[in-house]
Amino acid sequence: MGDTTEFTWEQWFGVLLLAGVGVLILDVLRRLVVGDLGVSTFSTFLWRGLVDGLIIGLAAVGLSMTYSILRFANFSHGDLVTTGAFTGWTAAWLIGGAGVTGLGSRLLLNADGSTSARELNLHVYAEPVAIVAGLVIAAAATVLVALAIDKLVYKRMRDAGGIPLLIASVGVALALRYVIVFFYGERTRGIVRSSPSIDHSLLFWTDSLVVHELVMVVSAVSLMLGLHGLLQYTKLGTAMRAMADNKDLALITGIPTERVILATWVIGAGLTGVAGYLIVLEQETLNFNTGWFLLLLIFAAVILGGIGSIYGAIAGGLIIGLADNMMLVWISGDLTRVAAFLLMILIFIFRPQGLFGGVETA
Amino acid sequence: MLTVDGLDAGYGDLQVLHDIDLEVDSDEYVAIVGPNGAGKSTVMKSVFGLTTYMGGSVEFQSREISGRRPEEIITHSIGYVPQNDNVFPSLSVRENLEMGAYILDEVPEDALEDVFDRFPILRERQDQTAGSMSGGQQQMVAMGRALMLEPDLLLLDEPSAGLAPDLVSDMFDRVDAINDDGTAVLIVEQNAKETLGRCDRGYVLVGGENRYEDDGDALLGDEQVRRDFLGG
Amino acid sequence: MTSDDVGDQDESRTQTREHEASQVATDGGTSATLPLETDAGARPRWQVDLGYIVLTTVAIYALITVLGLLTGLGVGGIFRQLQTVTFLAAAYALVVLALNLHWGYTGLFNIGVAGFMAVGAYGMAVLTAPPEGTTTPGLGLPLWIGIPFGVLLAGLVGLIVVLPALRIRADYFAIVTLAFAEVIRLTINSGALADFELLGRELGTGGGRGINFPLLESAIPRWVLYQGGDPAQGANVVGLQILTVTNQLGIERTVVESAVYTSILVVLVVIVFALLVRTANSPFGRLLKGIREDELATKSLGKNTDLVKIKVFVLGCAIMGLAGIFWQGRNGYVDPDAFLPIITFYIFIALIIGGSGSNTGSVVGALVFAGVLFEGPPYVQRIVTQQVDLPRPATVYDGVVALGAFDPLPLLGYFVGQLANVRFILFGVILILLMIYRPDGLLGHRSEPASPLHLSAEQSPADSRSAKRGGDDDGGDSSGGSDSDSDSDSDSAGVDTSTDNGDDDPLDSNPDDSTPDRGEPDE
Amino acid sequence: IGDEEVVGGPGEDEDDPADVDAPGTDPDERDVLLGVLQPETGDLGELGTPIADAAELPAIQLTNEGSPVTVDVQREDSQTESEAGISRAEDLVAAGYPSFTGAAASDVTIPVAESVAIPEQVVMCSPASTSPLITDLDGDYVFRTAPSDALQGVVMAEVAYEERGWETAASFHLNDDYGQALSEVFVESFEELGGEITAEVPFEPEQPSYTSGLEDALSDDPDLLMVVAFPVSGIQLFRDFYGEFDEELPVMVTDGLIEDGLPEDVDNSMDNVMGTAPAADGPEADAFADLYEEEYGSSPGVFNAHGYDASAVQILSNLRGGENDGATISEQMRAVTSGGGEPVGPSNFLEGVELAADGEAIEYEGASSIVSFDENGDMESVSYDVFEFEDFELEAVDRIEDFEP
Amino acid sequence: MSDIELPESDATVSTETADGDDRPLRVESLTKTFGGILAVDSATFAVERGSITGLIGPNGAGKSTTFNLITGVHEPDSGRIYFDGEDITGLQPHRVAERGLVRTFQITRELGEMTVLENMLLAFQNQRGEALWRAVLPGVRGSVVDQERELLERAWETLELFEIDHLAHEEAGTLSGGQRKLLELSRALLTDPELLLLDEPMAGVNPTLEGKLLERIHDLTDRGYTFLIVEHDMDVIMENCERVIVMHQGSVLADGPPAAIQADERVIEAYLGGEV
Ligand SMILES: Nc1ncnc2c1ncn2[C@@H]1O[C@H](COP(=O)(O)OP(=O)(O)OP(=O)(O)O)[C@@H](O)[C@H]1O
Ligand SMILES: Nc1ncnc2c1ncn2[C@@H]1O[C@H](COP(=O)(O)OP(=O)(O)OP(=O)(O)O)[C@@H](O)[C@H]1O
Ligand SMILES: [Mg+2]
Ligand SMILES: [Mg+2]
């Protein structure tokens with residue numbers, strides 16, 4: 001009796017959507033066979049879509065976590081990404097470039113344009129210590145910044161609803177971003193040397209792997225898996241979710257809510273800082289807007305995946321990244337973002353709670 | 001153990017409790033009854049600093065806790081089942097129960113088993129999210145969570161509401177047993193006859209003020225109390 | 001003691017509490033900034049609200065005047081400044097009101113405001129841009145077609161957005177609207193629709209180049225001032241009056257035109273404001289609040305919430321479109337960059353400053369945002385740069401190093417050089433402080449009950465009975481000021497109901513008669 | 001230059017602009033008012049600040065050199081936003097400034113012109129707006145010392161097809177008015193010359209990567225990649241380019257990417273990249289550069305000379321016209337630049353100012369170009385430099401002089 | 001199973017309606033699963049006009065879910081719901097309510113930031129001012145105001161009856177647990193329904209007040225209102241209901257007069273426990 005095969009209209013819509021995606025995939029195959037679409041072009045789009053998706057996803061995980069646990073959409077998240085990037089790379093430049101160039105321009109990541117990553121010869125092989133140290137500092141500094149902000153701002157409005165917090169976070173975003181500008185200036189800079197690459201014969205479409213990209217991808221995936229484990233299988237993770245559900249109840253149940261909030265910021269901001277750092281390692285350039293420009297994509301990923309779901313954030317990021325790149329097969333570059341957003345909206349029609357909404361993955 | 005003396009409290013600018021006196025000795029079983037909106041739940045919340053403190057004193061185990069922030073008051077020696085919003089809806093049933101024993105390093109398996117034995121449906125549904133349980137089942141989850149530790153004082157705000165009759169009497173038996181084991185109990189109930197019949201002492205709260213205080217049976221016997229508050 | 005007594009006691013307690021509560025409210029911070037609150041109970045609500053708006057306007061005008069004088073502006077200059085601020089404030093107020101309808105009242109978290117403004121402005125621009133002689137040709141239709149078209153188009157796009165978004169809740173709804181706004185902006189910006197041919201006529205969005213269209217700021221005032229909208233044909237009746245006066249005052253014609261344009265916008269704001277206040281203070285407004293609070297509960301009371309949401313969303317979007325038209329109408333030019341998402345945030349900030357859920361707050365917020373936050377900082381910067389002349393090192397580092405040599409000037413110079421950026425830091429900090437200390441907006445937590453009656457002054461018939469019966473019992477403290485005020489204020493409620501037959505059984509009084517008949521659908 | 005056909009003074013029928021009424025100014029009587037409206041923050045903040053500095057320079061120069069003339073300069077920040085730009089322009093008008101140097105971005109310049117300068121009859125002279133759309137605006141109040149992109153696109157096509165002999169090209173351009181306009185003109189001219197465009201791919205600024213876009217643009221193996229971008233996206237773009245694509249492929253960039261430090265930031269010598277940029281090719285370019293360096297301690301950047309010229313011309317017009325009045329200045333703008341008379345420039349600006357104050361005929365010869373406005377307020381002719389990157393250095397290899405479309 | 005497909009124009013339905021219809025609500029083979037959980041399992045029952053019918057059963061028996069299915073909050077997997085002889089299966093909640101079938105929620109859903117009075121006023125059906133144009137246009141607004149006065153009067157009466165009139169201007173979110181129940185109930189009454197589904201209306205309500213409310217409910221049934229009440233308080237059920245339906249594990253276990261139910265072995269075992 002329970003096994004009725006009736007579909008609700010949303011499900012029909014979902015089927016339709018999947019069918020649409022299926023048709024597109026078939027069309028890609030057709031084009032590959034016919035020769036409309038070069039294999040290398042296709043593989044570039046695909047690979048780049050995956051990498052962009054991981055970049056977005058990685059940056060999105062921290063937001064998804066603080067979003068669901070602290071219950072507000074943190075618009076300063078993008079600038080925490082930027083904070084991580086600037087602090088981490090400042091550390092890397094200080095360590096990696098010691099003795100090479102003046103302290104002033106290293107400290108401010110070449111704000112005066114008098115040196116360069118080339119002069120410092122900064123890349124993973126040449127300066128592994130500096131790069132790893134930078135990574136650690138990125139996490140630590142971002143955590144400190146986040147905690148300071150929490151203490152100064154959010155802590156004073158713990159009981160305010162999500163919207164006042166959201167607006168306050170817009171204020172934080174502005175302040176943070178322009179503090180960075182105040183010190184580092186507005187110029188875009190190359191931060192590391194071009195990545196070395198490894199020759200191989202593993203993948204059919206390319207015979208060399210970009211090491212920095214590889215580092216980003218591998219760390220991103222392992223970080224996200226690790227975080228999922230942490231939240232899913234530890235008491236702290238459960239306590240975090242409990243607090244997200246009902247803070248007062250958590251309090252009277254004996255969950256130390258302030259400590260949980262602290263832990264949330266530590267993990268969330270740490271991850272965010274690392275994300276910023278790794279994104280820059282892959283992109284190789286940095287600008288005070290780096291995080292802010294990602295923010296809309298990050299939000300799209302988080303919400304598409306379902307707020308609070310780690311897998312969701314990754315899936316959301318990948319969908320956005322892939323759509324943004326793959327759509328080039330059919331449409332012009334100025335409309336791919338439009339297509340990605342429209343796809344997202346369509347997905348909401350049959351999954352109003354996001355892809356993984358309701359299914360708690362973390 | 002718990003002494004409330006001349007407590008004034010409320011929400012924001014609004015004073016709800018006026019000069020409330022109340023006492024619970026260790027291993028005592030005390031009930032609060034009264035009309036809707038009398039301030040019964042507010043008394044309980046005030047113990048946890050969840051209301052706006054306006055005057056008077058609250059002492060727990062000889063420690064003054066009035067006017068403190070909830071974080072400072074919380075000890076693992078008070079268990080509390082609030083009246084509304086008393087489960088974590090997106091956590092599974094099992095996780096809800098585990099949260100009850102958060103302060104312990106490990107989940108006390110025997111206590112958990114005990115709860116599961118008491119409410120078998122919870123064992124069956126331990127992986128279902130609490131928010132999707134029926135009203136009564138949620139009430140069981142909330143009770144179960146409070147029982148995960150053996151607190152020195154147990155605050156119960158209308159624990160019988162929404163429970164099926166067999167579970168209601170079961171619940172009362174269980175509370176008796178807990179009380180016999182040395183846990184002090186402060187209970188708010190609209191099921192006043194049953195409660196007053198079992199408790200040591202009872203308070204009648206009206207309009208945020210103490211109205212009567214007596215032995216449970218005495219209150220139950222009082223004609224006026226019966227008519228005004230216990231439904232004849 | 002009888003149960004009746006218990007009840008009475010309970011009531012008097014409540015009254016006392018209310019009285020105390022209102023006292024605290026009046027003595028609190030609100031009254032310090034906005035003294036009108038003290039006798040809020042005594043005046044009709046609209047007077048109080050108008051008072052707030054007038055007060056804010058006066059304060060902002062005063063501020064601008066003072067700042068203007070400080071930077072050495074003459075009377076004419078200050079008049080221009082005030083006109084600019086008024087224009088901006090009115091333009092903001094129009095959108096903020098629309099957003100308040102969406103978010104403040106109905107809880108529709110629309111963060112795609114910029115997109116709907118874009119639709120309105122572009123709809124108008126494409127229709128009215130001259131068909132020849134510009135890089136982006138339009139249809140060259142008159143404004144009276146172009147403007148309504150833009151408004152309708154914005155409403156229509158609102159409909160398209162809200163239909164799929166009906167089932168989506170708060171945050172998800174927000175991202176959908178934001179995504180739509182970006183879709184709109186990116187589509188306009190793309191080359192795809194930049195120019196195309198439709199029925200043999202060239203037109204398009206112009207892509208990143210944008211569109212030049214007739215400058216509304218002069219075209220519309222000219223219709224008001226001159227015969228046939230053409231200055232060459234001389235002034236019309238209205239124009240004659242205005243122009244004679246302004247001529248005598250020696251005010252330039254362009255300034256008069258701008259002022260007329262701004263006035264028209266202000267009139268629009270007043271109309272929309274009145275409309276929305278009426279909407280809010282009505283059973284329809286109640287539906288909106290109900291949807292905001294709990295849609296399922298509202299549905300279960302037999303309300304077609306979907307339909308209401310559609311209506312409200314479309315209406316709000318149309319108003320946003322109108323605002324977009326008048327806003328860009330001052331430029332005679334639109335391009336996609338005028339509709340970046342940050343614009344939406346500005347509008348949200350304005351709404352929140354005033355206090356969401358309140359139409360009065362919306363207008364106050366718009367005034368403060370445009371007057372203080374938007375126009376204020378440049379003055380400060382101007383004053384500072386007029387006064388000091390400092391070295392300008394390239395980086396902070398140089399400044400700090402100089403500090404080591406006990407020379408603070410380079411650091412200070414760097415700071416001043418960075419003032420433009422520092423302003424954003426300040427902007428952020430102000431926002432944060434506002435949220436911490438005044439989260440309900442400048443007007444504080446306002447309750448504007450959704451009813452055509454002055455609901456919060458309505459009194460229970462039982463109360464009035466008991467007040468008459470036993471005023472002494474209650475004592476002085478419980479018959480609070482608000483009660484007596486409302487007595488004089490709401491003539492009917494108390495009287496009407498006290499004509500009841502003393503029947504204690506209210507539901508006896510024919511439920512079928514006293515409610516509108518179900519069988520006779522009202523819409 | 002000074003061609004009778006083209007130039008028509010505002011509302012006058014005279015053929016020679018120098019005949020314009022020139023009451024002159026007694027320097028003791030009044031200050032010359034000049035506004036500067038540049039983006040000191042926002043997207044073009046980095047570009048705008050030095051331009052604003054340069055635009056302020058003539059006034060500073062007069063003070064430093066002890067001229068009796070005082071120029072009161074008010075600097076305003078347009079924030080690279082049209083709303084702020086209009087408001088700041090309104091502020092200038094309110095404070096009585098009859099003319100100003102600005103704005104920079106076309107999407108600010110156009111609204112400011114339409115909404116403030118033209119209706120209020122205030123002269124504006126943009127040193128950096130290159131959009132072809134500005135040509136359409138009222139040539140009596142909207143001037144620019146910057147060349148229209150309509151020219152640069154043509155120059156690029158000619159250099160690419162005729163000089164270098166590349167026959168197929170792909171355009172990869174920023175998706176805004178700058179990129180769209182340049183790409184459009186380039187594509188049109190390139191095809192007109194006989195070349196073939198294999199792809200036209202627009203891109204959004206500041207994206208995580210440009211690899212896919214580049215792949216899309218290059219999938220048909222063109223001889224040349226034409227890139228329109230600013231460093232803020234350009235560094236990333238070239239990083240991605242060198243990461244994945246053929247390092248030898250010739251790339252041509254526009255003035256937006258002609259920047260000394262670019263190869264360092266890209267971490268590549270960029271030997272395959274060349275580009276064009278409007279030349280600061282005025283007769284007095286060096287004099288200006290010296291002045292600038294002396295005052296600000298660094299060498300001038302893009303459009304800085306144009307900024308100086310724009311301000312200088314307005315100051316001269318103001319003095320010669322004798323009033324702080326937009327219409328008067330508008331009349332003088334062509335008179336002081338192409339009316340014959342004593343040549344004036346950065347090197348003898350003090351002298352020029354005095355001549356103008358006396359109502360004498362002068363002809364301004366600028367730092368950026370000869371400076372001569374056509375009937376649209378555009379430059380009558382401009383020169384372009386052709387640059388090549390080589391071994392991390394930027395080198396001017398050629399100059400296309402006095403290019404006229 | 002085949003009982004998924006019930007003929008739309010069931011003969012019995014039409015005859016019953018023609019008969020003057022003494023059973024406004026009929027539920028047939030209603031089934032609903034959540035994931036793997038069978039919450040309602042082909043439940044079939046009917047409610048008589050002008051009666052108070054009790055719906056009881058152990059926690060998790062599917063009572064609230066049945067309410068949710070009837071009122072369109074959830075859509076049933078299979079089965080049919082008839083109201084006044086018409087098939088209302090799968091209708092939107094507001095359509096169901098418009099027809100006069102209104103429910104209260106077990107876990108109350110007050111509109112927190114609206115005052116109690118606003119909550120009440122929202123409940124009335126077919127208010128003139130709910131049409132946007134009437135709410136706004138100057139000419140017609142008079143009638144809206146007039147109606148509002150009438151409604152207000154009735155709202156006050158009901159508030160008094162439920163002894164929460166002193167809270168009229170409080171925001172509903174600040175009410176105590178019991179007060180919320182009262183608000184929920186009084187709001188539902190104001191929709192002027194034909195049939196009311198009450199989900200544990202008395203849980204948390206003071207017994208004295210409870211007595212008064214029950215009196216009122218009886219009065220209303222005398223006037224033709226029909227009630228279906230979920231309640232765990234057996235005294236309330238047995239003393240006030242004409243008929244009692246017992247659900248167990250999603251399906252209807254028993255259906256009959258209180259006395260019979262109390263005596264039913266299966267019911268005692270499944271639900272009443274040792275109590276009776
Ligand atoms: N959304 C849901 N998702 C999963 N299971 C659900 C959901 N809603 C209800 N259930 C399950 O369906 C069963 C019936 O629930 P229902 O709320 O109808 O019970 P009830 O009879 O009202 O019980 P109570 O007397 O405790 O209120 C329960 O086992 C419950 O756990
Ligand atoms: N959060 C709140 N903010 C403001 N007032 C509140 C709040 N919570 C409760 N009140 C008010 O305080 C009074 C007492 O509420 P309380 O919840 O203590 O009553 P109670 O005795 O528990 O009633 P019940 O039996 O109905 O649960 C009520 O009048 C209620 O309106
Ligand atoms: Mg209570
Ligand atoms: Mg239930």
Side-chain angles (χ1 to χ4, degrees), chain A residues 64-65 67-71 150-151 154-161 229-264 305-312 353-354 356-362, chain B residues 11-12 44-52 69-107 127-132 138 141-142 144-149 151 153-155 157:
Chain A
S64 183
M65 199 177 124
Y67 200 159
S68 64
I69 294 166
L70 305 174
R71 285 280 137 128
D150 185 59
K151 187 160 171 59
Y154 305 132
K155 188 168 186 163
R156 293 164 198 262
M157 34 194 315
R158 282 275 189 265
D159 295 324
L230 179 76
L231 295 191
Q232 191 63 42
Y233 303 111
T234 65
K235 201 163 71 168
L236 178 66
T238 320
M240 284 175 165
R241 288 186 292 128
M243 217 191 75
D245 268 2
N246 187 338
K247 189 166 161 277
D248 275 350
L249 185 60
L251 203 58
I252 54 186
T253 307
I255 297 173
T257 51
E258 280 300 319
R259 283 231 304 277
V260 174
I261 291 175
L262 192 88
T264 308
I307 297 166
S309 158
I310 294 205
Y311 288 161
Q353 301 296 312
F356 288 69
V359 184
E360 291 292 324
T361 60
Chain B
Y11 302 93
M44 294 214 160
K45 288 190 229 168
S46 297
V47 172
F48 280 93
L50 294 171
T51 59
T52 312
R69 293 184 311 121
E71 294 87 323
E72 303 171 48
I73 296 172
I74 305 305
T75 70
H76 59 277
S77 44
I78 310 181
Y80 178 25
V81 181
Q83 183 177 9
N84 301 312
D85 301 330
N86 50 17
V87 298
F88 299 112
S90 76
L91 264 55
S92 71
V93 167
R94 190 190 173 92
E95 284 169 335
N96 260 280
L97 297 177
E98 286 173 1
M99 283 300 104
Y102 184 83
I103 41 127
L104 302 187
D105 288 336
E106 268 179 30
V107 179
D127 293 325
Q128 189 175 337
T129 54
S132 68
Q138 290 189 23
V141 174
R145 196 190 50 243
L147 298 178
M148 285 296 288
L149 294 176
L153 172 65
L154 185 59
L155 304 184
D157 199 346

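Naming convention: chains lettered A, B, ... in sequence-line order (proteins, then strands); numbering from 1 in each chain. Only a predicted model underlies this, so the values are computations on that prediction, with no experimental measurement involved.
Judged as a side chain to side chain contact (heavy atoms under 4.5 Å, CB included), and not counting sequence neighbours, A:Lys151 has no contacts. B:Thr52 meets the side chain to side chain contact (heavy atoms under 4.5 Å, CB included) test with B:Met54; sequence neighbours excluded.
Using a 4.5 Å cut-off between heavy atoms, B:Pro89 touches chain A through backbone and side chain atoms alike. Using a 4.5 Å cut-off between heavy atoms, B:Val107 makes no contact with chain A at all. Neither the backbone nor the side chain of A:Ala244 comes within less than 4.5 Å of any heavy atom in chain B. For A:Asn246, the parts lying under 4.5 angstrom from a heavy atom of chain B are both the backbone and the side chain.
Side-chain contact between B:Met99 and A:Asp245: absent, with no pair of heavy atoms (C-beta onward) separated by less than 4.5 Å. Between A:Leu251 and B:Leu50 there is a side-chain heavy-atom pair separated by less than 4.5 Å. B:Asp85 places none of its side-chain heavy atoms less than 4.5 Å from the side chain of A:Leu249.
Across A:Ile252 and B:Pro82, no two heavy atoms sit closer than the pair CD1-CG, 3.5 Å. A:Pro256 and B:Tyr102 make their closest contact through CD-CE2, 3.2 Å (heavy atoms, listed as atom of the first residue, atom of the second, distance).
A:Thr238 OG1 to B:Asn96 CG: the interatomic distance, rounded to the nearest 0.5 Å, is 10.5 Å. Here A:Lys235 contributes atom NZ and B:Ile103 contributes atom CD1; the two are 8.5 Å apart, rounded to the nearest 0.5 Å. Rounding to the nearest 0.5 Å gives a distance of 10.0 Å between OG1 of A:Thr253 and CG of B:Asn86.
Surrounding OH of A:Tyr233 are at most 12 heavy atoms belonging to other residues, nucleotides or ligands under 6.0 Å away. For A:Arg259, the CZ atom is loosely surrounded, since the number of other residues' heavy atoms within 6.0 Å does not exceed 12.
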